[in-house]
Trainee: 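Before we start, here is the structure in question, set down as C-alpha cells.
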Amino acid sequence: MRCCMPGVAFVPALLVSWSSAAFIISYVIAVLAGHVKPLVPYISDTGTKPPESGIFGFMINISALLGVITMYIRYLLIEKQNESSHFVRSSCNMFSLCIGLMGCIGMGIVATFQELSVPSVHDIGALVAFGSGVVYITLQSIISYKSCPQWNTYFVCHIRMAISVISCIAFIPTVLSENLFYVSFHQDYTYHFVSAICEWTVAFGFIFFFLTFIRDFQVGTYIF
C-alpha cells in the first residue's frame, strides 16, 4: 500500500541542499580570500586553509551523516517494496547499502583529515568516497530498473543510469589525479583543468542522483 511520506522525503532534499551549499560556500570563501584561483580548483583545495577549512570540514561531516540516513531509509524502502514484488535479492540491497556507507566514511575522512595536514590519509578518504559513491549509484540504478514499472518509471531510471555512466567516466581522471600521476597532473594546467572538472562532475553527479530519491521517498511504502 502506498502512502505519502513528506517527512522522509525531506531527508534527501536536505542532503542535496546542504551538500551543494558546502561546496559552494567553501569555494566562494576560498576565492574571496585569495586561497584558490576562481577557475575550477580542486574541491579539496577550497577547504584547506582557514576560515573555509573549518566550514568545509563541518559541513561535509554533516553531509556524510545525512548520506548515511538517506541510504539507510532507501535500504528499508527497497526491503519493504521487495516483500510484495521480489524484484531484487535482499543480499544485493544490503551490499549496496554497505558500499554506500563506505563512501560516507570516506567523506568523513576527507572532512577530518584535510589536504595540507595529512595528505595521504585525505587522498585515501577521497578515493574511498568517490569510488564507493560511483559503485553505489550504479547499483541503485540497476535496482531501479528491476523495480520498474511498479515502483519506478523508466524515465527516472534512465536519468539515474545516465548520471551513473557520466560519474563513472569522470571518476577515471579523478583517480589519476590522486595517485602516481599526481605530479604531472598538477604541473600541467590542461591535466589539472580536466581532472578538476571531472572531480566536480562526480561530486555533483552524486548530488543530482540523490535528488531523484525525493520522489521515491514521497510515494513509497510504510517502512516504520
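Here the structure is a predicted model, which means the values were calculated and not measured.
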Trainee: Should F113 and I124 be counted in the same cluster of Ile, Leu, Val, Met, Phe, Trp and Tyr side chains packed under 4.5 Å apart?
Mentor: no

Trainee: According to a hydrophobic-cluster definition based on side-chain heavy atoms being under 4.5 Å apart (Ile, Leu, Val, Met, Phe, Trp, Tyr only), do V134 and I166 belong together?
Mentor: no

Trainee: Does the side chain of F204 come within less than 4.5 Å of S19's, by heavy atoms?
Mentor: no

Trainee: With heavy-atom distances below 4.5 Å as the criterion, would you say the side chains of S195 and Y42 are in contact?
Mentor: yes

Trainee: Using side-chain heavy atoms (C-beta onward) and a distance below 4.5 Å, is I25 in contact with M59?
Mentor: yes

Trainee: Over all heavy atoms of both residues, which pair between C104 and G67 is shortest? Give the atoms and the distance, please.
Mentor: SG-C, 3.8 Å

Trainee: Using modelled atom types and a 3.5 Å cut-off, is there a donor and acceptor pairing between side-chain atoms of S17 and backbone atoms of L14?
Mentor: yes

Trainee: Check the pair S90, E79 against side chain to side chain donor-acceptor pair (under 3.5 Å), reporting the backbone distance first and the verdict last.
Mentor: CA-CA 7 Å; S90 181; E79 284 294 291; 3.1 Å; yes

Trainee: Is the backbone N or O of S144 less than 3.5 Å from a side-chain atom of R160, with the two atoms forming a donor-acceptor pair by type?
Mentor: no

Trainee: Determine whether the aromatic ring centres of F206 and F209 lie less than 6.0 Å apart.
Mentor: no

Trainee: Distance alone, cut at 3.5 Å: any donor-acceptor contact between the side chains of S26 and T46?
Mentor: no

Trainee: Can you classify the ring geometry of F23 versus F56 as parallel (below 30°), tilted (30 to 60°) or perpendicular (above 60°)?
Mentor: tilted

Trainee: For M161, what are the other residues in its hydrophobic cluster, where any two members join if their side-chain heavy atoms are less than 4.5 angstrom apart?
Mentor: I142, Y145, Y154, V165, I169

Trainee: To check you understand the geometry: which heavy-atom pair defines the closest contact between F210 and T70, and what is its length?
Mentor: CD2-CG2, 4.0 Å

Trainee: Work out which heavy atom in L66 is nearest to a heavy atom in V11; give both atom names and the distance.
Mentor: O-CG1, 4.3 Å

Trainee: Kindly compute the distance separating CD1 (I29) from NZ (K49), expressed to the nearest 0.5 Å.
Mentor: 15.0 Å

Trainee: For S164 and I137, indicate whether the former's side chain and the latter's backbone hold a donor-acceptor pair under 3.5 Å.
Mentor: yes

